[in-house]
2 protein chains.
Amino acid sequence: MAVSIKDVGRLAGVSVSTVSRAFNGYSDINPVTKQRILEAAEALGYSPNISARNLSSKKKQNIGLVISGFLQENTAQARNDEFEFWLMHGAYRCARDLDLDVAMYSIDSEFQKKKTYEQFCAERNLSGTLMFGLKITDDYFHQLHDAEIPCVTVDTLVRGRNVGCVTIDNVLAFQELTQYLFDLGHRELLLITGRKTAAVTMERMAGAYEAYLANNFEFRKENVVYCDFREDEAYRKTKIYLQKKQKNGATAFLCMSDMMAVGVLRAVKECGYRVPEDFSVVGFDGILLTTYTEPKLTTVDQQIEQKGYEGMRLLSRILERPEEARCLYLPHVLKERQSTGQKNEGGG
Amino acid sequence: MAVSIKDVGRLAGVSVSTVSRAFNGYSDINPVTKQRILEAAEALGYSPNISARNLSSKKKQNIGLVISGFLQENTAQARNDEFEFWLMHGAYRCARDLDLDVAMYSIDSEFQKKKTYEQFCAERNLSGTLMFGLKITDDYFHQLHDAEIPCVTVDTLVRGRNVGCVTIDNVLAFQELTQYLFDLGHRELLLITGRKTAAVTMERMAGAYEAYLANNFEFRKENVVYCDFREDEAYRKTKIYLQKKQKNGATAFLCMSDMMAVGVLRAVKECGYRVPEDFSVVGFDGILLTTYTEPKLTTVDQQIEQKGYEGMRLLSRILERPEEARCLYLPHVLKERQSTGQKNEGGG
DNA sequence: TTGAAAGCGCTAACAC
DNA sequence: GTGTTAGCGCTTTCAA
C-alpha cells in the first residue's frame, strides 16, 4: 500500500482535509501550513490516488483518442499507416497546446460487440473521445447517435446530440480531382476505390460521378475497380487490368488513396509503361510518401495533421459547451506534381 | 449521477454484494439470481465504476504506452514517423493477443520535469509502462533506475530492478553494415549520425569504429557529419559536402537512419550523381519508404513492429514476475538492395 | 484557518 | 447463496 493522504497529514501534524486543501489550490489555507504539508508529501513521495479522487469528485477531464481498426491488416504493405500517424500527431499536439490529458486506445469491430461505447468510456473514465477509422458497419457508429459522452469523429459523419465531426468535402475534392484529369484530356479513367464500408469511399465515388455528369461523359461500371485502400491490392488489380487492356483502355488511374496510387505506379512501371507519358496516376490523401516516389505523385492533400488537431480542438469545445457540436469541413489542396500529364495521342 | 450497483440491487431485489458477485464471475451465486441481476443491469444501462473498483481492490492492470518526444519536431520532413508507428502497432497487437488494456500517452522532456515517473503512473493508474524514445538526458531515464512500477524501454538501456529493455545489438549491426561497405571496396565513408543524445547514436558509432579497427583503416573525424535523424538535415549537409568535395571525398554514405539515407539520396541525385554508380548509400531501420525510393535502399531491417510486440510481451512477463526483468536483443537483418555497389574505380 | 465526518461506488471478509 | 458491513483514499460540507 502506497503512502496516502493520511500519512502526509500525520507527518505534517494536520488533518486529511487540510492536506487535501493544500493539494487542490484552495486559498483558505495558511501558507506556512501549506508549505509544511508540501514538504511532508515530498519527503514521503506522496502522489494523490486518482481513483479515490475521481470517486469523491469527478472533476478530471480525461480524453480518449480511439482508433478503430488499427490492427486490421498487419502486413506492412497493406496499410495506409502514415494517415493514422499524422492524425494522432495532430491530436496530441492540440492536446498539448490546450493542456488536455489524452490517452489513445485501439479498438476493433469485434471489441465493439462486447462493450458499448458508454461502457468503454465509463471503464476508462473518459469524458470525451476523438474517434478515427469508425466504419459505418461498426456498432459504435450507431451507438454514438444518442450517447451522453461527447465524441468527435474523423471522416465518418455521425448525427447525434453530443457528436461532432471533422472531415473534408470528399465529394467536392474528388470531383475536382476527376475534373483535373478531364481537363488534361483524359476521357477514360480507371477508378480505384477504397473499402466499400468506408464512408469516404462512397462520398468520393459520388464526387467522381458528379464530374462525369457535369461533362456529359458516360460513367461506366467496368471502369471501377473495387479495392481496399491497400497498396498491394491496387498493384495486383492494376497489373491484371493492364495485361488485358494494355493501352486500349483507360489513360488515367484515379485512386482513392495515395497508397493505392503507389501500387498502381508500381504496376504500370512493371508492365513497361511510363508515367505520365503512357498513363496518368493520381492519389488522394497527401502522405509524405508521394513526394518520394518516382515520379512524384499528383494528389489531393487532406492536411491530415491539421485534421487531427482540429478534431481535438472541436472536442474540447464540445466538452465545454455541448451546443458547439457541429461538422467541420476542412480545406483540401490539389497538389499537381509529376505523375499526371496531357493525354498522349497514342493512348487509348 | 449515473446508475450504481445499489440501483441494480434494488431493481433485482438483492443486496449490493450479490450484484458485485454477479459481475465478478464468482461461482457461489445462484444462476437464476445472476441472470436476474444481469437483466436489471442491462435495463438500467449500468456499467461498473472503474474508480470505485480500483479503490476497493486494485486488481485491474492498466498498461501505459509512453512515447517521449512524440511532438518534438512538427514538420513532416523532419521525422522518422514510420518508426514510431510500427512500434505502436506491434505493442497494440501484442496487447490484443494477451488481452491487456493499453493506453498511449505522449510526454516530452519538459513534462518530465513537472511530474516524476511514479506520479505519472499513479495519476493514470498504470501498473506498468512500455517506453519509447527516452533520451539519456531525460529525467525519467534516471528515475527509472529505482522505480517501483515496472517499465520496459525500447532502444534505451536502463538498469533497474523493475526495468526491462528491448533493443537490437546496435554495435554489431552497425559494424556489419560498415563492413559490408568495406567489402564492396569502399575505403572512405561519410558517417551521417543521429542525435547525439540518443543512445543508439553512440552505440552505432562504436560499431562503425570497430569495423574500422578490425580492418586497420583509419577512422577520421572529418568523415563524421553530425545530424539529427532528420531527412532535411542529412540532405542539406550532404549537399554541402558534395559541392565541396565532389568525387574526391567519400565514395559511400553510411547513415544511422533510413530517413537520413533518403535525404542523402536526394542530395546525391540533385548534384547530378548516380546511386550506386557514383556513390553508395546505406540506411538503417528498415522502414517501408526504403522500398519505394529509386534506387531501393540497402538498409538494416530492425523489424520494428516485432520490437514493439516483444517489448509489450516482456512487460507483461515482468508484471507477473519481476525477476523476468532483462534486456532482450532482437535480431536484425541486412537488406541488400540497389543503393550499394562495388566501389567504382573512377571514384575518389 | 482548520478538523470531524459523511459519503463517492465498489469489493471482500464474515456472518447467517 | 445471500446479506451486512467495514474499509479503499479522497473531497467537501459543516462546525468550530
Side-chain angles (χ1 to χ4, degrees), chain A residues 1-41 44-62 118-119 121-127, chain B residues 1-41 44-62 118-119 121-127 148-149:
Chain A
M1 214 84 322
V3 28
S4 85
I5 200 172
K6 243 185 224 166
D7 305 305
V8 179
R10 186 156 36 222
L11 182 61
V14 293
S15 74
V16 290
S17 40
T18 309
V19 178
S20 175
R21 272 190 277 263
F23 271 90
N24 290 285
Y26 282 78
S27 53
D28 58 343
I29 182 172
N30 188 323
V32 182
T33 317
K34 181 166 178 174
Q35 184 56 31
R36 187 154 37 93
I37 291 169
L38 261 29
E39 276 164 11
L44 260 34
Y46 166 77
S47 66
N49 179 315
I50 200 75
S51 295
R53 180 175 282 179
N54 278 332
L55 190 57
S56 62
S57 89
K58 16 215 54 186
K59 271 198 312 216
K60 184 109 195 300
Q61 292 255 317
N62 282 113
E118 306 251 313
Q119 279 172 345
C121 292
E123 289 184 358
R124 286 160 189 76
N125 229 291
L126 302 176
S127 27
Chain B
M1 214 87 316
V3 27
S4 84
I5 200 171
K6 244 184 223 166
D7 304 305
V8 179
R10 188 156 35 223
L11 183 62
V14 294
S15 74
V16 290
S17 46
T18 310
V19 178
S20 175
R21 272 189 277 260
F23 271 91
N24 290 286
Y26 282 78
S27 52
D28 60 344
I29 183 172
N30 189 323
V32 182
T33 318
K34 181 167 180 174
Q35 184 57 31
R36 188 153 38 91
I37 291 170
L38 261 29
E39 276 165 10
L44 259 33
Y46 166 79
S47 66
N49 180 316
I50 202 75
S51 297
R53 181 176 282 177
N54 278 333
L55 191 56
S56 63
S57 88
K58 15 217 56 187
K59 269 197 315 217
K60 184 108 193 299
Q61 293 255 316
N62 282 113
E118 305 251 310
Q119 279 172 343
C121 291
E123 289 184 359
R124 287 158 189 78
N125 229 292
L126 302 177
S127 28
E148 284 302 325
I149 298 167

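To find a chain, count down the sequence lines: A is the first, B the second, and so on, and within it residues start at 1. Keep in mind that what you see is a predicted model, and the values were worked out from it rather than measured.
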Novice: In whole angstrom, give the distance that lies between atom CZ of B:Phe23 and atom C1' of C:dA12.
Specialist: 18 Å
Novice: Hey, is the side chain of A:Thr18 pairing donor to acceptor with the base of C:dG3 inside 3.5 Å?
Specialist: no
Novice: Tell me the interatomic distance from B:Asn24, atom CG, to D:dT2, atom C1', rounded to whole angstroms.
Specialist: 16 Å
Novice: When we call it a touch if two heavy atoms are under 4.0 Å apart, what does B:Val14 touch: a base, just sugar-phosphate, or nothing?
Specialist: sugar-phosphate
Novice: Distance-only, no hydrogens or angles: does the B:Ser47 side chain make a donor-acceptor pair with backbone N or O of A:Ala122 under 3.5 Å?
Specialist: no
Novice: If we ignore angles and hydrogens, is there a donor and acceptor under 3.5 Å between the side chains of B:Ser51 and A:Asn125?
Specialist: yes
Novice: Looking only at side-chain N and O atoms, does A:Ser4 come under 4.0 Å of OP1 or OP2 in D:dG9?
Specialist: no
Novice: We want to know whether A:Thr18 and A:Ser15 form a side-chain donor-acceptor pair, criterion being a heavy-atom distance below 3.5 angstrom.
Specialist: yes
Novice: I'd like to know if the side chain of A:Gln61 reaches the main chain of A:Ser127, judged simply by a donor and an acceptor atom lying under 3.5 Å from each other, with no hydrogens or angles considered.
Specialist: no
Novice: Distance check, rounded to the nearest 0.5 Å: B:Asn62 atom CG versus B:Asn54 atom CG?
Specialist: 6.5 Å
Novice: Rounded to whole Å, please give me the gap between CD in A:Glu123 and C1' in C:dG9.
Specialist: 14 Å
Novice: For a quick test of reading the model: is some side-chain N or O of A:Asn54 closer than 4.0 Å to OP1 or OP2 of D:dC10?
Specialist: no
Novice: On DNA chain D, check which nucleotide each of B:Val16 and B:Ala52 is closest to and give me the residue with the more 5' one.
Specialist: B:Val16
Novice: Using atom CD1 of A:Ile5 as one end and atom P of C:dG3 as the other, report the distance to the nearest whole Å.
Specialist: 12 Å
Novice: In whole angstroms, how far is the C1' atom of C:dA13 from the CZ atom of B:Arg21?
Specialist: 10 Å
Novice: If I take atom CD1 in residue B:Ile50 and atom C1' in nucleotide C:dT11, what distance separates them, rounded to the nearest angstrom?
Specialist: 13 Å
Novice: Let's see if you can work this out: which of D:dC8, D:dT2, C:dC10 has an atom nearest to the side-chain heavy atoms of B:Leu55?
Specialist: D:dC8
Novice: If only side-chain N and O atoms count, and only distance matters, is there a donor-acceptor pair under 3.5 Å linking A:Glu39 with A:Gln35?
Specialist: yes
Novice: For C:dC8 and B:Asn49 - does any side-chain N or O of the residue sit under 4.0 Å from the phosphate oxygens OP1/OP2?
Specialist: no
Novice: Is there a donor on the side chain of A:Ser17 or the base of C:dA4 sitting less than 3.5 Å from an acceptor on the other?
Specialist: yes
Novice: What is the distance, rounded to the nearest whole Å, between atom CD1 of B:Ile37 and atom C1' of C:dT11?
Specialist: 15 Å
Novice: Less than 3.5 Å between a donor and an acceptor, one on the side chain of A:Thr33 and one on the base of C:dT1, is that the case here?
Specialist: no
Novice: Between D:dC10, C:dT2, C:dC10, which nucleotide gets closest to the side-chain atoms of B:Tyr46?
Specialist: C:dC10
Novice: Write down the atom of A:Tyr46, the atom of A:Val3, and the distance for their closest heavy-atom approach.
Specialist: CD1-O, 3.5 Å
Novice: What is the separation between atom CZ on A:Arg53 and atom P on C:dC10, rounded to the nearest whole Å?
Specialist: 21 Å
Novice: In degrees, rounded to 10°, what is the bend between the two ends of the helix from C:dT1-D:dA16 to C:dC16-D:dG1, using five pairs at each?
Specialist: 30°
Novice: C:dG7, OP1 or OP2 - any side-chain N/O from A:Ser56 closer than 4.0 Å?
Specialist: no
Novice: Donor-acceptor pair, distance only, cut-off 3.5 Å: does the side chain of B:Asn24 make one with the backbone of B:Ser20?
Specialist: yes
